[in-house]
Amino acid sequence: TIAPVYRLLGSPITPDWDINGWQFEATSGSIDDGNTTLTIVSRIANRSTQALPYPLVHVELTDRFDDVTGSAILEPAAYLAANGDPSRPIEPGDNFTAMITVDDPDVEVLGYRLKVCYRIEPGTVRCAEEAFRN
(Lines give C-alpha, C1' and ligand atoms only; values in the text may rest on other atoms or scores of the structure.)
Protein backbone atom coordinates (compact mmCIF):
# COMPACT_ATOMS: atom_id res chain seq x y z
CA THR A 1 0.00 0.00 0.00
CA ILE A 2 2.92 2.37 0.54
CA ALA A 3 4.67 1.42 -2.72
CA PRO A 4 2.92 4.22 -4.73
CA VAL A 5 4.19 6.82 -2.24
CA TYR A 6 7.76 5.53 -2.51
CA ARG A 7 7.49 5.49 -6.33
CA LEU A 8 6.40 9.15 -6.26
CA LEU A 9 9.46 9.94 -4.15
CA GLY A 10 11.71 8.21 -6.69
CA SER A 11 12.50 5.14 -4.57
CA PRO A 12 10.23 2.33 -5.75
CA ILE A 13 9.72 -0.67 -3.49
CA THR A 14 9.46 -3.95 -5.37
CA PRO A 15 9.52 -7.31 -3.64
CA ASP A 16 12.18 -9.74 -4.80
CA TRP A 17 9.73 -12.40 -5.98
CA ASP A 18 11.16 -15.84 -6.78
CA ILE A 19 10.93 -15.55 -10.57
CA ASN A 20 12.62 -18.93 -11.03
CA GLY A 21 10.00 -20.59 -8.82
CA TRP A 22 7.61 -20.84 -11.77
CA GLN A 23 7.57 -23.96 -13.94
CA PHE A 24 5.79 -24.60 -17.24
CA GLU A 25 4.13 -27.99 -16.69
CA ALA A 26 2.11 -28.53 -19.87
CA THR A 27 2.01 -26.27 -22.88
CA SER A 28 0.46 -26.64 -26.31
CA GLY A 29 -0.06 -24.37 -29.26
CA SER A 30 -2.40 -24.60 -32.22
CA ILE A 31 -3.39 -22.52 -35.23
CA ASP A 32 -7.00 -22.42 -36.38
CA ASP A 33 -8.02 -23.75 -39.80
CA GLY A 34 -7.85 -20.31 -41.41
CA ASN A 35 -4.31 -19.62 -40.10
CA THR A 36 -5.65 -16.46 -38.48
CA THR A 37 -5.28 -17.23 -34.75
CA LEU A 38 -2.51 -18.92 -32.78
CA THR A 39 -3.67 -20.15 -29.37
CA ILE A 40 -1.16 -21.16 -26.71
CA VAL A 41 -2.41 -22.85 -23.54
CA SER A 42 0.03 -23.41 -20.69
CA ARG A 43 -0.30 -24.74 -17.16
CA ILE A 44 2.17 -22.85 -14.97
CA ALA A 45 3.01 -24.05 -11.45
CA ASN A 46 4.44 -22.30 -8.42
CA ARG A 47 7.40 -24.47 -7.34
CA SER A 48 8.64 -21.80 -4.94
CA THR A 49 8.41 -22.01 -1.16
CA GLN A 50 6.35 -18.81 -1.01
CA ALA A 51 3.04 -17.60 -2.37
CA LEU A 52 3.64 -15.61 -5.55
CA PRO A 53 1.55 -13.06 -7.42
CA TYR A 54 0.62 -13.89 -11.00
CA PRO A 55 3.59 -13.17 -13.24
CA LEU A 56 3.75 -11.29 -16.50
CA VAL A 57 4.15 -13.69 -19.43
CA HIS A 58 6.66 -12.77 -22.14
CA VAL A 59 5.76 -14.35 -25.49
CA GLU A 60 8.19 -14.49 -28.40
CA LEU A 61 7.17 -15.82 -31.81
CA THR A 62 9.95 -17.47 -33.79
CA ASP A 63 10.60 -18.41 -37.41
CA ARG A 64 12.25 -21.55 -38.82
CA PHE A 65 15.69 -20.18 -37.89
CA ASP A 66 14.53 -19.59 -34.29
CA ASP A 67 14.79 -15.84 -34.86
CA VAL A 68 12.21 -13.71 -33.05
CA THR A 69 9.56 -12.29 -35.39
CA GLY A 70 7.42 -10.66 -32.71
CA SER A 71 7.03 -10.44 -28.95
CA ALA A 72 4.78 -9.09 -26.22
CA ILE A 73 4.65 -9.00 -22.43
CA LEU A 74 1.19 -9.88 -21.17
CA GLU A 75 -0.43 -8.80 -17.93
CA PRO A 76 -2.38 -11.48 -16.02
CA ALA A 77 -5.71 -10.01 -17.17
CA ALA A 78 -4.67 -10.71 -20.78
CA TYR A 79 -4.03 -14.43 -20.30
CA LEU A 80 -6.33 -15.52 -17.45
CA ALA A 81 -9.79 -16.98 -18.01
CA ALA A 82 -12.71 -14.65 -17.33
CA ASN A 83 -13.18 -16.16 -13.86
CA GLY A 84 -9.48 -15.76 -12.90
CA ASP A 85 -8.61 -13.31 -10.13
CA PRO A 86 -5.20 -11.70 -10.83
CA SER A 87 -5.11 -10.18 -7.32
CA ARG A 88 -5.09 -13.63 -5.67
CA PRO A 89 -1.59 -15.03 -4.99
CA ILE A 90 -0.70 -18.53 -6.15
CA GLU A 91 0.27 -20.73 -3.20
CA PRO A 92 3.31 -23.07 -3.35
CA GLY A 93 2.39 -26.24 -5.26
CA ASP A 94 -0.63 -24.63 -6.95
CA ASN A 95 -0.89 -23.86 -10.66
CA PHE A 96 -2.96 -21.86 -13.10
CA THR A 97 -3.73 -22.02 -16.81
CA ALA A 98 -2.67 -19.23 -19.13
CA MET A 99 -4.44 -18.89 -22.48
CA ILE A 100 -2.63 -16.68 -24.96
CA THR A 101 -4.20 -15.72 -28.26
CA VAL A 102 -2.21 -14.20 -31.12
CA ASP A 103 -4.33 -12.83 -33.95
CA ASP A 104 -2.97 -12.92 -37.51
CA PRO A 105 0.44 -14.45 -36.80
CA ASP A 106 2.96 -14.00 -39.59
CA VAL A 107 3.14 -16.96 -41.98
CA GLU A 108 6.81 -17.26 -41.02
CA VAL A 109 5.92 -18.09 -37.38
CA LEU A 110 6.79 -21.71 -36.67
CA GLY A 111 7.40 -21.66 -32.92
CA TYR A 112 7.22 -19.68 -29.71
CA ARG A 113 8.99 -19.14 -26.41
CA LEU A 114 7.37 -18.27 -23.08
CA LYS A 115 9.01 -16.73 -20.03
CA VAL A 116 7.61 -15.53 -16.74
CA CYS A 117 8.55 -12.02 -15.61
CA TYR A 118 7.91 -9.47 -12.86
CA ARG A 119 7.88 -5.71 -13.14
CA ILE A 120 10.63 -4.24 -10.97
CA GLU A 121 9.75 -0.63 -11.75
CA PRO A 122 7.67 1.12 -14.37
CA GLY A 123 9.08 0.25 -17.78
CA THR A 124 11.47 -2.44 -16.47
CA VAL A 125 10.84 -6.17 -16.07
CA ARG A 126 12.93 -9.04 -14.76
CA CYS A 127 12.36 -12.38 -16.50
CA ALA A 128 13.32 -15.94 -15.64
CA GLU A 129 16.41 -17.12 -17.47
CA GLU A 130 14.82 -20.35 -18.65
CA ALA A 131 12.10 -20.24 -21.27
CA PHE A 132 9.58 -22.78 -22.48
CA ARG A 133 10.35 -23.40 -26.16
CA ASN A 134 8.20 -24.94 -28.85
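Residues Ser48 and Leu52 share a closest heavy-atom pair of CB-CD1, 3.8 Å.
Taking 4.5 Å as the limit, every side-chain heavy atom of Val109 sits out of range of all side-chain heavy atoms of Thr62. Between Asn46 and Phe96, every side-chain heavy-atom pair lies at or beyond the 4.5 Å cut-off. Side-chain contact between Pro76 and Leu56 is present, with heavy atoms from C-beta onward closer than 4.5 Å. With a 4.5 Å cut-off on side-chain heavy atoms, Val116 and Ile19 count as touching. Looking at Thr49 and Pro92, their side chains never come closer than 4.5 Å, going by heavy atoms from C-beta outward. Between Trp22 and Trp17, the closest side-chain pair of non-hydrogen atoms is not below 4.5 Å. Looking only at side-chain heavy atoms (C-beta outward), Val41 and Ile100 stay at 4.5 Å or farther from each other. Side-chain contact between Val102 and Leu61: present, with at least one pair of heavy atoms (C-beta onward) separated by less than 4.5 Å.
Among residues at least two apart or in separate chains, disulfide bond (SG atoms under 2.5 Å apart) pairs with a member in residues 82-134 are Cys117-Cys127.
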Residues Ile40, Met99; criterion side-chain contact (heavy atoms from CB on, under 4.5 Å); working and verdict: CA-CA 6 Å; Ile40 303 168; Met99 182 178 295; over 6 Å; no
Pair Thr27-Tyr112, side-chain contact (heavy atoms from CB on, under 4.5 Å): steps then yes or no: CA-CA 11 Å; Thr27 301; Tyr112 55 88; 3.7 Å; yes
side-chain contact (heavy atoms from CB on, under 4.5 Å) between Val57 and Ile73, worked out: CA-CA 6 Å; Val57 175; Ile73 296 178; over 6 Å; no
Step-by-step side-chain contact (heavy atoms from CB on, under 4.5 Å) determination, Arg119 to Thr124: CA-CA 6 Å; Arg119 186 168 281 102; Thr124 306; over 6 Å; no
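Distance check: Tyr79 OH to Leu74 CG gives 8.5 Å after rounding to the nearest 0.5 Å. How far OG1 of Thr69 is from CG of Asp106: 5.5 Å, rounded to the nearest 0.5 Å. Considering CD1 of Ile90 and CD1 of Ile44, their distance stands at 10.0 Å, rounded to 0.5 Å. Rounded to the nearest 0.5 Å, atoms CG (Leu114) and OG (Ser42) are 5.5 Å apart. Atom CZ in Arg88 sits 9.0 Å away from atom CG in Leu80 (nearest 0.5 Å). In this structure, Thr36 OG1 and Asp104 CG are separated by 6.5 Å, a value rounded to the nearest 0.5 Å.
Under a 4.0 Å N-O distance rule, the pair Arg47/Asp18 does not qualify as a salt bridge.
Partners of Asn95 according to the side-chain contact (heavy atoms from CB on, under 4.5 Å) rule, which considers only residues two or more places apart in sequence or in another chain, are Glu25, Arg43, Ala45.
Checked by atom type and distance alone, the side chain of Asn20 never pairs as donor or acceptor with a backbone atom of Ala128 at under 3.5 Å.
Linking Ile, Leu, Val, Met, Phe, Trp and Tyr residues whenever their side-chain heavy atoms come within less than 4.5 Å places Ile31 and Phe132 in a single cluster.
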